[in-house]
Amino acid sequence: MLHKNGSRTIDRPVFDRVAPEDPIEDGACEILSSALSRRSFLMCAASAGVAGGIASVAQHAAAAPVLDTPSAQEDERFVFEARFYEKLANKKIKCKLCPRECAVGDRERGYCGVRENRGGTYYTLVHSRVCAAHIDPVEKKPLFHYLPGSLAFSMATAGCNVNCKFCQNWDISQARPEQIPAQYLPPKRVAELAAQWHCPTIAYTYSEPVVFSEFLMDVADAGHEAGIRSIVVSNGYIQEKALREAYGKMDAVKIDLKAFSESYYQKVVTGQLKPVLDTLVTLRKMGKWFEIVYLVVPTLNDSESEIGSLAHWVKENLGTDVPLHFTQFHPDYLLKNLPITPVPTLERCREIARAEGLHFVYIGNVPGHPAENTYCPKCQRLLVERVGFEISQLLIRKDACPFCKQPIPGVWHA
């Protein structure tokens with residue numbers, strides 16, 4: 001979202017909290033839910049112009065028909081047996097979805113608050129329980145090397161398996177599903193809506209898709225049947241078996257690497273670093289296209305030594321071609337005492353990573369910065385020019401630089 005002061009927030013959902021007179025910004029189509037008044041979603045569709053293979057999102061959206069959704073919400077329609085857990089004695093279970101491995105007693109929930117033990121059987125409470133949905137540019141995820149200029153039908157359910165102190169979507173990520181309005185959108189309906197609004201991808205984002213893996217998997221299957229791909233925006237805090245099964249259905253992945261120190265993960269994220277690094281290595285072994293975002297928080301994870309160690313690890317374990325985004329921090333939630341990340345700090349991070357040999361290093365949340373663009377690592381010519389979330393130039397041809405024929409990794413055309 002592009003704010004009036006010029007700053008930008010990545011993946012900020014709008015959910016019945018925006019006054020009716022507020023403009024739709026960034027040209028993004030948005031689905032506004034008003035379950036509190038028992039109305040259905042109201043979708044806004046942006047017209048997309050395509051020239052030379054480049055899609056741009058219009059600045060003004062047009063109202064679309066109200067979706068046909070039931071007037072009454074019954075919680076049981078959202079309840080499905082979980083796929084990743086072990087049964088223990090005395091009706092207890094052990095969750096095998098994320099590294100926490102919550103041991104959950106009967107009638108209790110795991111850390112995420114969206115999975116519940118009922119008589120020794122573990123259930124997800126958020127299947128088809130969509131609390132936020134937009135149509136976003138794929139650059140907003142951000143994915144810069146995956147179908148640039150395209151739109152993604154983006155959605156979320158409540159819940160998360162960590163608690164980042166800087167979370168900008170804390171009102172849904174840290175909520176229990178019954179605490180916030182939601183709409184019933186089963187997998188086939190999601191695929192139908194994505195097709196209806198000409199979105200080549202469905203994106204799982206805003207909260208943490210790890211905790212709604214069952215829903216994500218079913219939607220991905222429905223989408224693939226309709227010729228629609230799936231992309232996920234995740235913290236990567238997931239066990240390998242679940243990763244291979246759930247994210248194995250994804251066509252592209254964006255991982256938020258919060259920092260490169262265990263102490264930061266423990267104090268700021270309430271998680272662990274090593275499982276996230278393991279996820280990145282596994283994604284590479286799986287052959288998945290993925291990109292990494294590193295939110296640079298002043299004084300907490302921006303030291304030259306930490307950035308240097310991060311860049312070296314990426315080069316040694318993932319290769320030099322994985323895109324790495326250094327994004328600007330904006331104070332929110334439980335971390336409002338720190339300033340916005342200075343642009344020179346982001347530029348220094350980028351210089352360190354490029355000096356280590358990484359080919360595609362970006363600066364995010366700074367609209368108009370030249371480091372939002374993609375350059376050929378060989379001849380240094382401009383290949384993709386970005387203005388905010390829009391693509392103004394896309395010169396890559398046959399997955400290569402048209403000037404020196406250097407291969408440019410990514411998925412550039414549908």
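We use all heavy atoms of the structure for the numbers below, so side chains are in, but hydrogens, waters and symmetry mates are not. As the structure is a computational prediction, the values presented were derived from the model and not from experiment.
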Novice: In Å, rounded to the nearest 0.5 Å, how long is the span from CD1 of I408 to CG of D399?
Specialist: 9.5 Å
Novice: Is there a side-chain contact between T345 and R348 (heavy atoms, below 4.5 Å)?
Specialist: yes
Novice: Just wondering, do T124 and F215 contact through their side chains at under 4.5 Å, heavy atoms?
Specialist: no
Novice: Check whether more than 12 heavy atoms from other residues, nucleotides or ligands sit under 6.0 Å from atom NE2 of H198, and answer yes or no.
Specialist: no
Novice: Distance-only, no hydrogens or angles: does the E390 side chain make a donor-acceptor pair with backbone N or O of V387 under 3.5 Å?
Specialist: no
Novice: For the backbone of M250 and the side chain of K288, can you confirm whether one donor and one acceptor N or O come within less than 3.5 Å of each other?
Specialist: yes
Novice: Are Y111 and C95 close enough that some pair of their side-chain heavy atoms sits under 4.5 Å apart?
Specialist: no
Novice: Return yes if some donor-acceptor pair links the side-chain N/O of R100 with the main-chain N/O of N161 below 3.5 Å, else return no.
Specialist: yes
Novice: Under 4.5 Å between any side-chain heavy atoms of E372 and V366, yes or no?
Specialist: no
Novice: I'd like to know if the side chain of H224 and the backbone of A220 have a donor-acceptor N/O pair within less than 3.5 Å.
Specialist: yes
Novice: Test of understanding: with salt bridge (Lys or Arg N to Asp or Glu O under 4.0 Å), list the residues that count as partners of E81, not counting sequence neighbours.
Specialist: none
Novice: Do side-chain atoms of D106 reach the backbone of K91 as a donor and acceptor pair under 3.5 angstrom?
Specialist: no
Novice: Examine distances only and state if a side-chain atom of N317 and a backbone atom of V281 form a donor-acceptor pair shorter than 3.5 Å.
Specialist: no
Novice: How about K254 and T205: does a side-chain donor come under 3.5 Å of a side-chain acceptor?
Specialist: no
Novice: Side chains of L310 and E306: does their closest heavy-atom pair fall under 4.5 Å?
Specialist: no
Novice: side-chain hydrogen bond (donor to acceptor under 3.5 Å, both in side chains) for Y362 and T374? Distances and angles first, verdict last.
Specialist: CA-CA 8 Å; Y362 298 101; T374 299; 2.6 Å; yes
Novice: Within the distance-only criterion (no hydrogens, no angle test), does the side chain of R386 pair as donor or acceptor with the backbone N or O of F144 below 3.5 angstrom?
Specialist: yes
Novice: Pairing donors with acceptors under 3.5 angstrom, does anything connect the side chains of Y247 and T282?
Specialist: no
Novice: Evaluate the criterion salt bridge (charged side-chain N to carboxylate O under 4.0 Å, His left out) for residue pair R176 and E116; output intermediate values, then yes/no.
Specialist: CA-CA 11 Å; R176 291 201 167 202; E116 184 173 274; 5.7 Å; no
Novice: Do W170 and D332 have side chains that approach each other closer than 4.5 Å (heavy atoms only, starting at C-beta)?
Specialist: yes
Novice: Using modelled atom types and a 3.5 Å cut-off, is there a donor and acceptor pairing between side-chain atoms of T341 and backbone atoms of F329?
Specialist: yes
Novice: Check step by step if salt bridge (charged side-chain N to carboxylate O under 4.0 Å, His left out) holds for E192 and K188.
Specialist: CA-CA 6 Å; E192 290 171 356; K188 288 187 177 180; over 6 Å; no
Novice: Report yes or no: does N169 contribute a side-chain atom to a donor-acceptor pair with the main-chain N or O of S207 at less than 3.5 Å?
Specialist: no
Novice: Give a yes or no on whether the backbone of Y333 and the side-chain of K165 come within a donor-acceptor separation of less than 3.5 Å.
Specialist: no
Novice: Answer yes if the side chains of H325 and E291 hold a donor-acceptor pair under 3.5 Å, and no otherwise.
Specialist: yes
Novice: Under the criterion salt bridge (charged side-chain N to carboxylate O under 4.0 Å, His left out), I'd like the reasoning laid out for E178 against R109: C-alpha separation, chi angles, the key distance, then a yes or no.
Specialist: CA-CA 13 Å; E178 62 271 24; R109 296 187 187 182; 3.2 Å; yes
Novice: Are side-chain heavy atoms of L243 and L283 found at a separation under 4.5 Å?
Specialist: yes
Novice: Would a 4.5 Å heavy-atom cut-off, applied to side chains only, mark V219 and Y204 as touching?
Specialist: yes
Novice: Applying salt bridge (charged side-chain N to carboxylate O under 4.0 Å, His left out) to R118 and E76, what does each step give before you reach the verdict?
Specialist: CA-CA 13 Å; R118 296 183 178 182; E76 289 306 309; 3.5 Å; yes
